[in-house]
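Working notes, beginning with the structure itself.
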Amino acid sequence: MKKMDVNSKEGALCEHPLKGSNLTTVRGVNERLILHLVRNHGKVTKAEATRITGLSPNAVSVIFRALEAEGLLLRGDPIRGRIGQPSVPMRLNPEARHYVGLKIGRRTFDMVIVNFVGDILARCSESHAYPTPDAMLRFVKEELPLLLKSAGKGLGDIAAMNVAMPFELWSWTPDFGAPQSEMDTWRSFDLESELKQVISLPITVENDGTAACRAELVFGPPNVAQDFVYFFVGTFIGGGVVLNGSVFPGRSGGSGGFGPLRVPDEPGGDRLVDHASLVVLERMIVDQGGDSLPRSDAEQNDWDAVEPLVQTWMSRAGRSLAHAIISTLAVIDFQAVVIDGAFPLSIRNRLVGEVERQLDRLDMQGVIRPDIKSGHFGSIARALGAATYQISTEYMIDQNTLLRENPSTPRPHL
């Protein structure tokens with residue numbers, strides 16, 4: 001077998017091996033371990049799984065057969081030309097499970113149907129001035145049947161519906177021009193119960209920044225970093241935390257709520273949310289007599305029309321993010337920082353470059369500078385991450401909660 005490249009998906013995983021147990025009492029953990037390996041590698045043979053996990057060859061064979069019988073794994077083409085019997089790599093079955101992901105945002109609703117390997121089979125979006133429970137329920141009722149038809153699926157093909165949204169959606173309403181009285185209706189709105197009146201599926205609710213981080217971890221390119229911090233620049237800024245190769249939602253599901261982080265010496269506010277948020281750019285554009293930023297399908301919009309305001313905002317956001325990054329590094333020695341947001345790829349890459357330049361100017365004594373990277377999913381990351389919830393929590397290993405009696409769970413509703 002060829003020597004593994006530590007920069008490849010296989011090499012990255014072997015740099016941080018996950019060990020299993022041959023005890024039948026933890027067979028469920030071992031099955032998730034195998035699925036985790038296959039997802040990260042793309043395909044895995046029994047010999048490779050045995051070597052990486054430390055499980056016995058017989059245990060791996062039993063698990064492979066069980067997962068294949070359940071329809072979670074598919075056999076690949078045999079690998080010939082080696083001594084002994086040909087090896088048969090196993091890969092995930094894209095049709096094994098399908099999920100609906102719904103993002104409830106301050107400016108848009110997004111909904112997707114995703115298969116087991118993260119392919120988006122159908123998506124739809126709707127812009128609004130501000131979200132209300134009634135508007136959200138209407139959006140789901142009207143768009144879900146069309147979405148299912150577009151994906152070629154029936155409701156019976158869907159395993160779960162998951163929601164990504166800001167916790168305390170009623171907060172900071174003056175900052176994005178929403179009437180407080182209407183946003184306060186979210187305080188007593190039982191989201192899970194109301195959605196189950198529309199769609200009779202298991203439903204979970206997760207913070208939108210955590211969900212976007214989950215999408216990056218599960219469906220993004222292989223990341224050698226086992227600990228990284230993820231920033232998502234939307235109407236307001238949020239994000240997520242990855243520790244030990246798994247999303248760390250925290251005790252109440254709100255880890256990575258970076259908006260309140262303090263930013264020194266920046267006119268206009270002392271919090272990160274006051275600078276590295278799209279609502280700030282939106283206000284700058286409106287103050288200059290322009291229209292607000294287009295929110296639907298932001299990646300396809302040309303932002304050249306709002307230069308040089310974009311660059312002015314980017315310098316401000318980059319400085320604030322650089323300060324926030326140093327603050328996070330003072331708490332946890334993150335190996336990498338991933339920056340994504342609801343804007344075109346060109347803007348995303350420019351913002352990463354600006355953060356790098358701002359870090360060059362700051363005192364980083366006492367912390368180790370991490371790799372700064374662009375995220376990969378843009379505005380759809382939150383809906384995609386919502387759809388990813390069961391994949392991540394039921395079919396992958398979470399080393400932060402493994403064998404804990406009371407792992408953290410998302411808030412049941414607002």
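For the numbers below, each heavy atom of this structure counts, side chains included, while hydrogens, waters and symmetry mates do not. Just so you know, these numbers come straight off a predicted model, no measurement behind them.
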If the plane angle is over 60° it's perpendicular, under 30° parallel, otherwise tilted; pick one for F189 and W186.
-> perpendicular

Are any non-hydrogen side-chain atoms of L35 and L73 less than 4.5 angstrom apart?
-> yes

Test side chain to side chain contact (heavy atoms under 4.5 Å, CB included), reference L195, set I203, D190, V205, L201, output is I203

Cut-off 3.5 Å, side chains only: do Q197 and S193 have a donor facing an acceptor?
-> no

With a 4.0 Å cut-off, would you call E70 and R97 a salt bridge?
-> yes

Where the side chain of D157 meets the backbone of G154, is there a donor-acceptor pair that is under 3.5 Å apart?
-> yes

Taking all non-hydrogen atoms of both residues into account, name the closest pair between T185 and P133 and its distance.
-> OG1-CD, 3.3 Å

Exam field: side chain H275 to backbone A317, donor-acceptor pair closer than 3.5 Å | no

K43, NZ atom: more than 12 neighbouring heavy atoms under 6.0 Å | no

Beyond-backbone contact of I339 with R348, side-chain heavy atoms, under 4.5 angstrom = no

In Å, rounded to the nearest 0.5 Å, how long is the span from CZ of F236 to CG of L272?
-> 12.0 Å

Heavy-atom closest pair, residues A211 and A386 | CB-N, 3.8 Å

Heavy-atom closest contact (A381 atom, A215 atom, distance) | O-CB, 3.6 Å

How many angstroms lie between CE in M161 and CG in L144, if you round to the nearest 0.5 Å?
-> 6.0 Å

For I237 and L321, what are the C-alpha separation, side-chain angles and deciding distance, and is it a side-chain contact (heavy atoms from CB on, under 4.5 Å)?
-> CA-CA 10 Å; I237 190 166; L321 278 165; 3.6 Å; yes

Taking the side chain as every heavy atom from C-beta outward, state whether V140 and F109 have any pair of such atoms under 4.5 Å apart.
-> no

Keeping the roles fixed (side chain from D227, backbone from N244), state whether a donor-acceptor pair exists under 3.5 Å.
-> yes

Residues 110-117, side-chain donor-acceptor partners within the protein, below 3.5 Å, at least two apart:
unit_1, atom_1, unit_2, atom_2, d
D110, OD1, S125, OG, 2.3
D110, OD2, K103, NZ, 3.2
N115, OD1, V117, N, 3.1
N115, OD1, G118, N, 3.1
N115, OD1, D119, N, 2.9
N115, ND2, D119, OD2, 3.1

Quick one: do R350 and E307 make a salt bridge, cutoff under 4.0 Å?
-> yes

Distance (rounded to the nearest 0.5 Å) between I391 CD1 and F219 CZ = 4.0 Å

Does F334 reach the side chain of V241, with side-chain heavy atoms less than 4.5 Å apart?
-> yes

When every non-hydrogen atom of V352 is compared with those of S374, the smallest separation belongs to CG2-OG, 3.3 Å

Nearest heavy-atom pair of N93 and G71: which atoms, and what distance?
-> ND2-O, 2.9 Å

Could you please spell out the steps behind the side-chain contact (heavy atoms from CB on, under 4.5 Å) verdict for M90 and V44?
-> CA-CA 5 Å; M90 304 295 284; V44 175; 5.8 Å; no

To the nearest 0.5 Å, how far apart are CZ in R319 and NE2 in H323?
-> 8.0 Å

Would you confirm whether R283, through its side chain, and D175, through its main-chain N or O, come within 3.5 Å as a donor-acceptor pair?
-> yes

What do the steps show when you test Q335 against D371 for side-chain contact (heavy atoms from CB on, under 4.5 Å), and what is the final call?
-> CA-CA 7 Å; Q335 299 165 270; D371 293 330; over 6 Å; no

Indicate yes or no for a side-chain donor-acceptor contact from R32 to the backbone of T393 under 3.5 Å, with no hydrogens or angles considered.
-> yes

Look only at the side chain of S277 and the backbone of V280, and say whether a donor-acceptor pair between them is shorter than 3.5 Å.
-> no

Side chains of N162 and E206, donor plus acceptor under 3.5 Å = no

Do S392 and R214 get their side chains close enough for a donor-acceptor pair, meaning under 3.5 Å?
-> yes

Please lay out, stage by stage, how D274 and E266 fare under the test side-chain contact (heavy atoms from CB on, under 4.5 Å).
-> CA-CA 9 Å; D274 297 323; E266 189 70 45; over 6 Å; no

Contacts of type side-chain hydrogen bond (donor to acceptor under 3.5 Å, both in side chains), residue Q358, not counting sequence neighbours = E354

Does a side-chain heavy-atom distance below 4.5 Å link Q390 with T204?
-> yes

Is a side-chain N or O of Q180 found less than 3.5 angstrom from the main chain of W170, in a donor-acceptor match?
-> yes

Heavy-atom pair of closest approach, residues C124 and F139 | SG-CZ, 3.7 Å

Short N-O contact, E216 and K373, less than 4.0 angstrom = no

With a 4.5 Å limit on heavy-atom distance, are the side chains of T328 and V337 in contact?
-> no

Hey, does the side chain of S150 reach the backbone of L146 with a donor-acceptor pair shorter than 3.5 angstrom?
-> no

Check against side-chain hydrogen bond (donor to acceptor under 3.5 Å, both in side chains), E182 and T132 = CA-CA 7 Å; E182 292 204 48; T132 64; 5.3 Å; no

Between D208 (side chain) and R382 (backbone), is there a donor-acceptor pair under 3.5 Å?
-> no

So among T50, I63, V62, which one has a side chain to side chain contact (heavy atoms under 4.5 Å, CB included) with L55?
-> I63

Distance col, row M136:CE vs K141:NZ, nearest 0.5 angstrom, shows 9.5 Å

Measure from the side-chain N and O atoms of R51 to the backbone N and O of A49, and report whether any donor-acceptor pair falls under 3.5 Å.
-> no

Side chains of L191 and M165: closer than 4.5 Å at any heavy-atom pair?
-> yes

When the ring planes of F343 and W303 are compared, do they come out parallel, tilted or perpendicular, using 30° and 60° as the limits?
-> perpendicular

Could you tell me whether the side chain of C213 reaches within less than 4.5 Å of the side chain of V242, counting heavy atoms only?
-> yes

Between the CG atom in D270 and the OG atom in S320, the distance rounded to the nearest 0.5 Å is 10.5 Å

